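Following: one structure in structure tokens, then a few remarks.
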Amino acid sequence: MRSLINILDLSPAELDGLIAIANDIIANPAKYSESCRGKKLATLFFEPSTRTRLSFEAAMYELGGNVLTVAGADSSSAAKGESIADTAKTVSCYADIIAMRHPKEGAPLVASMNASIPVINAGDGGHNHPTQTLADLLTIQREKGRLSDMTIGLCGDLKFGRTVHSLIEAMARYQGIRFVLISPEELKLPSYVKQGVLKDQGISYEQTTDLEAAMPGLDILYMTRVQRERFFNEEDYLRLKDSYILTPEKLKNAKADLAIMHPLPRVNEISVAIDDDPRACYFKQVLNGKYMRMALILRLLEVL
Ligand code: NCD
């Protein structure tokens, strides 16, 4: 039995396999419509979510399976003080697989060590978000036709943005990847990613505060929201929240085949005027996330 806690739990070959399954689901959805008949996914979300929870649930329904859900932290026994370990043991009695989001870094890992069924990390604090990375990888593969040889600009809250941490870990394994890290001084990439991934592996990167100067060199621009819920004081959040707002004007010097990505939700980071630009990929990421979660469930349940 395996869980997905960190994106590196999957080898590059396993990632390729998931992308291949997702592409096959897109081409032949009917083939998979009964694959998880009789299986149950439990979604345990102790933090807000729209896309991640609904895409997991839609994924399970489209595989013919069922879903058990806890409506929120306040309505589960976590509110009575139950430990993550006990919750995981309990849910293992009812479901076949768990998707868990939690504000504490490491909570899904603790759950996976105590559950007797696979656990998927659906976001743990400011740490990791491996299934968003699955959505991002399928999007990059489908938009660019490759996962290697490109310059990826990551812009916004690189400190608390968990999707950025997982994406860097995943993309650093491919050839010819260069990162441009665009953030305010206060929201720079944490050293466990900068040192532990980029420097230790000799990956080419550059740090800047200037989005427009970086724009012409980018193949991918990955915008992120400033993570209000991780700030210690509201004043700092208010000062930093609108550090980067992508407008059509700022895309003037961008490549014609730039892919503009965002894990969503967007607050102000991308002007709605860009939504109709053919380079905007963020709603494609939403849809691709469902297909990759279908592929992941199939593999973790050993249906495929
Ligand atoms: C992201 C998250 O939860 O980390 N959302 C998502 O799952 N698509 C990004 C964010 O909240 O900013």
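This is a predicted model, so every value here is computed, not measured. Count residues from 1 along the sequence. Atoms within a ligand are numbered from 1 in the order they appear, just like the ligands themselves.
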Q. Of all the heavy atoms in P265, does at least one lie under 4.0 Å from an atom in ligand 1?
A. yes
Q.
Pairing donors with acceptors under 3.5 angstrom, does anything connect the side chains of D136 and Y222?
A. yes
Q. Any chance the side chains of T247 and S271 put a donor and an acceptor closer than 3.5 Å?
A. no
**Q.** For T52, the ligand 1 atoms whose distance to one of its heavy atoms is below 4.0 Å
**A.** 6 (C), 7 (O)
Q) Which ligand 1 atoms are under 4.0 Å away from a heavy-atom of R101? A) 3 (O), 7 (O)
Q: May I ask you to establish whether R101 and F45 are in a cation-pi arrangement, using a distance under 6.0 Å from NZ or CZ to the six-membered ring centre and at most 45° from the ring axis?
A: no
Q) So, the side chain of H165 versus the backbone of G126: is there a donor-acceptor pair under 3.5 Å, distance only? A) yes
Q: Please identify which atoms of ligand 1 are closer than 4.0 Å to at least one heavy atom of P263.
A: 8 (N), 9 (C)
Q | Sub-4.0 Å heavy-atom contact, E47 with ligand 1 | A | no
Q | Protein residue, atom and distance nearest to atom 11 (O) of ligand 1, heavy-atom basis | A | R225 NH2, 2.8 Å
Q.
Counting only heavy atoms closer than 4.0 Å, does ligand 1 sit against the backbone of T224, its side chain, both, or neither?
A. neither
Q: For atom 3 (O) of ligand 1, grab the closest protein heavy atom and report residue, atom and distance to one decimal in Å.
A: R162 NH2, 2.8 Å
**Q.** Nitrogen or oxygen of T163 less than 3.5 angstrom from that of ligand 1
**A.** no
Q. Can any side-chain N or O of T208 pair as donor or acceptor with the backbone N or O of D210 at less than 3.5 Å?
A. yes
Q | Heavy atom of the protein closest to atom 5 (N) of ligand 1 (residue, atom name, distance) | A | L264 O, 2.9 Å
Q.
Please tell me whether T224 and E269 have a donor and an acceptor in their side chains that are separated by less than 3.5 angstrom.
A. no
Q. If you measure from the Lys or Arg side-chain nitrogens to the Asp or Glu carboxylate oxygens, is any gap between E105 and R162 under 4.0 Å?
A. no
Q: Pick one of side chain, backbone, both or neither for how Q132 approaches ligand 1, counting any non-hydrogen atom pair under 4.0 Å.
A: side chain
(Q) Quick one about R142 and N23 (side-chain donor to acceptor, distance below 3.5 Å, no hydrogens or angles considered), yes or no? (A) yes
